[in-house]
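All remarks here apply to the structure that follows.
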Number of protein chains: 2
Amino acid sequence: MPADLHALQELIGYNCRRAYLAVRDQAIKPIVENGLQRTWFTVMVLLHRNPGLSSREICWALGVQPPNLVASIASLEEHGLVERRPHSEDGRSLSLRLTAAGRRLITRVEREVERAELRATAMLSDEERDTLTDLLRRIYTEPPVD
Amino acid sequence: MPADLHALQELIGYNCRRAYLAVRDQAIKPIVENGLQRTWFTVMVLLHRNPGLSSREICWALGVQPPNLVASIASLEEHGLVERRPHSEDGRSLSLRLTAAGRRLITRVEREVERAELRATAMLSDEERDTLTDLLRRIYTEPPVD
DNA sequence: TATTGTTATACTCTATAACTATA
DNA sequence: TATAGTTATAGAGTATAACAATA
């Protein structure tokens, strides 16, 4: 006897969360198979398009707190995927960019993650997938009333 | 100088997660203001429509592991919101249902959470909100290819 | 032998306070 | 004084192994 989930499925937060977990379960596979962690992947995608970002700028872009990025960036540097340089204008900041190895790796992983996401959402048409992405983006880019 | 988030915003998982966090930040307010935790709220909504569910059935419905529900259900019982009865047919199971106080509380909180979700998604029309909910639900109810 | 509820445990993710060095 | 990066730490959330009671 399956439970009646109707009341929960009316909640937008519940649906976002369940869909996120379903997509993540697929997308995480190529990430770990290539020796990365989820946070590393997100940081690397961001640095790929935005070389020279500081740690603080990554925090703003991803909505995470600075202390939670320290270990990830240190690991990325130890693995030779990211390098830290002194910022040219601000002695407090460190300028982050992918190494050549980092660029090679993230190019491949990004492609594999996109394929995994397509598999996880194979029940949607291309148009439905575009609609979904647009609606979701509007929720977190347009600020709430409160 | 805002970072170029274009590559991340192409990823469905990233968009689901950011939208989920934005909605959750609003929906959590009436939950904690009424002395509940997020997990308690979800369990209570489920029990409201499905009196008599066992702990294991709640795990199936919510996609969580049994050990992670033990503390929540114990707390709900201590607070007089949920009661455990021996299952009529299976001596191993415990039948869970809301108390009268639990029903009164979840009725109010559910209404307030719905209002909070509407505020968090006020930039969408009613039709767009329905479309979004439908697309998200299909992702986690229709199983992936793998 | 299998399942329910449970304990113990560990690992990840996230949040806050406080330090240091630079501005 | 304010900010960037960092340390230490604590709290959620989630996962697995193993046990007793029941099937």
Side-chain angles (χ1 to χ4, degrees), chain A residues 1 3 13-14 16-18 20-22 24-25 27-29 31-32 35-43 47 52-78 82-97, chain B residues 1 3 13-14 16-18 20-22 24-25 27-29 31-32 35-43 47 52-78 82-97:
Chain A
M1 60 185 82
Y14 176 81
C16 282
R17 179 177 153 77
R18 294 299 300 255
Y20 164 63
L21 294 176
R24 189 196 62 173
D25 284 351
I28 196 66
K29 292 178 185 175
I31 291 175
V32 300
L36 299 180
Q37 298 180 1
R38 196 174 54 81
T39 305
W40 300 9
F41 169 76
T42 315
V43 169
L47 286 178
L53 282 187
S54 69
S55 170
R56 194 54 63 115
E57 287 170 321
I58 294 176
C59 289
W60 287 331
L62 299 185
V64 300
Q65 299 302 314
N68 301 326
L69 221 53
V70 173
S72 294
I73 291 176
S75 297
L76 283 168
E77 194 174 33
E78 285 168 20
V82 163
E83 61 178 5
R84 275 188 271 213
R85 304 181 191 170
H87 196 284
S88 53
E89 299 171 357
D90 188 336
R92 297 169 301 182
S93 294
L94 291 171
S95 177
L96 303 172
R97 59 194 71 238
Chain B
M1 60 185 87
Y14 176 81
C16 283
R17 180 177 152 78
R18 294 300 300 254
Y20 163 64
L21 295 176
R24 190 196 62 174
D25 285 350
I28 196 67
K29 292 179 186 174
I31 292 175
V32 299
L36 299 179
Q37 297 180 2
R38 197 174 54 82
T39 306
W40 301 9
F41 170 76
T42 316
V43 169
L47 287 178
L53 281 187
S54 70
S55 170
R56 194 54 63 115
E57 286 170 322
I58 293 176
C59 289
W60 285 332
L62 300 185
V64 302
Q65 299 301 313
N68 301 326
L69 219 54
V70 173
S72 295
I73 292 176
S75 297
L76 283 168
E77 195 175 32
E78 286 169 20
V82 163
E83 61 179 5
R84 274 187 272 214
R85 304 180 190 170
H87 195 284
S88 53
E89 297 171 358
D90 188 336
R92 296 170 302 183
S93 292
L94 291 171
S95 179
L96 303 172
R97 59 194 70 239

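Throughout, protein chains are lettered first and strands after them, A, B, ... in sequence-line order, and every chain is numbered starting at 1. Fair warning: this is a prediction, and the values are worked out from it, not measured in the lab.
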Could you tell me how far apart [X] ([atom1]) and [N] ([atom2]) are, to the nearest whole angstrom?
| X | N | atom1 | atom2 | value |
| --- | --- | --- | --- | --- |
| B:Ile28 | D:dA12 | CD1 | P | 11 Å |
| A:Arg24 | D:dG13 | CZ | P | 14 Å |
| B:Arg17 | C:dT12 | CZ | C1' | 12 Å |
| B:Ile58 | C:dT4 | CD1 | P | 13 Å |
| B:Leu96 | C:dT6 | CG | C1' | 14 Å |
| B:Gln65 | D:dA18 | CD | C1' | 15 Å |
| B:Arg56 | D:dA23 | CZ | P | 15 Å |
| B:Asn68 | D:dG11 | CG | C1' | 15 Å |

Inset, instruction - Name all pairs fulfilling the salt bridge (Lys or Arg N to Asp or Glu O under 4.0 Å) condition that reach into residues 62-78 of chain A, sequence neighbours left out, sorted by first residue then second. - result: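 Sorted result for residues 62-78 of chain A: A:Glu77-A:Arg84.
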State, to 0.1 Å, how close [X] and [Y] come at their nearest heavy-atom pair, and which atoms those are.
| X | Y | value |
| --- | --- | --- |
| B:Arg97 | B:Ser95 | NH2-OG, 3.1 Å |
| A:Leu69 | A:Ser55 | CD2-O, 3.9 Å |
| B:Trp40 | B:Gly35 | CZ3-O, 3.6 Å |
| B:Ala3 | A:Ala61 | CB-CB, 4.3 Å |
| B:Tyr20 | A:Gly13 | CD1-O, 3.5 Å |

Inset, instruction - Report the nucleotide, chosen from D:dG5, C:dG5, C:dT4, that has the shortest atom-to-atom distance to any side-chain atom of B:Trp60. - result: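 Closest nucleotide to the B:Trp60 side chain: C:dT4.
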Legend entry - Proximal nucleotide (of D:dG13, C:dG5, C:dT6) relative to the B:Ser93 side chain: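 Of the candidates, C:dG5 comes closest.
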Inset, instruction - Specify the residue among A:Pro66 and B:Gly63 whose closest nucleotide of DNA chain D lies further upstream toward the 5′ end. - result: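 Of the two residues, A:Pro66 wins.
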Legend entry - Residue met sooner reading DNA chain D from 5', once A:Ser55 and A:Leu21 are mapped to nucleotides: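 Upstream on the strand: A:Ser55.
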Legend entry - OG1 on A:Thr42 to CD on A:Gln37, rounded to 0.5 Å: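 The distance works out to 11.0 Å.
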Inset, instruction - Indicate, with a heavy-atom threshold strictly under 4.0 Å, whether A:Leu69 touches base, sugar-phosphate, or nothing. - result: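 Result for A:Leu69 = nothing.
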Inset, instruction - Pick base, sugar-phosphate or nothing for A:Ser54, based on heavy-atom distances below 4.0 Å to the nucleic acid. - result: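 Sugar-phosphate, backbone atoms only, no base.
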Legend entry - Pairwise 5' ranking along DNA chain C for B:Arg84 and A:Arg38, keeping only the more 5' one: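 The 5'-side residue here is B:Arg84.
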Legend entry - For DNA chain C, the residues among residues 70-77 of chain A that have a non-hydrogen atom under 4.0 Å from it: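 Residues of residues 70-77 of chain A that come under 4.0 Å of DNA chain C do not exist, since none gets that close.
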Inset, instruction - Using a 4.0 Å heavy-atom cut-off, write out nucleotides 17-23 of chain C from 5' to 3' as B (base contacted by protein), S (sugar-phosphate only) or - (no contact). - result: B----BS
Legend entry - Side-chain heavy-atom pair B:Leu62, B:Thr39 within 4.5 angstrom cut-off: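 A side-chain contact is absent here, since even the closest heavy-atom pair is not under 4.5 Å.
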Legend entry - Sub-4.5 Å side-chain heavy-atom contact between A:Arg92 and A:Arg56: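 The answer is no; the side chains never approach within 4.5 Å.
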Inset, instruction - Run the numbers on B:Arg38 and B:Arg24 for side chain to side chain contact (heavy atoms under 4.5 Å, CB included), then give the verdict. - result: CA-CA 9 Å; B:Arg38 197 174 54 82; B:Arg24 190 196 62 174; 4.1 Å; yes
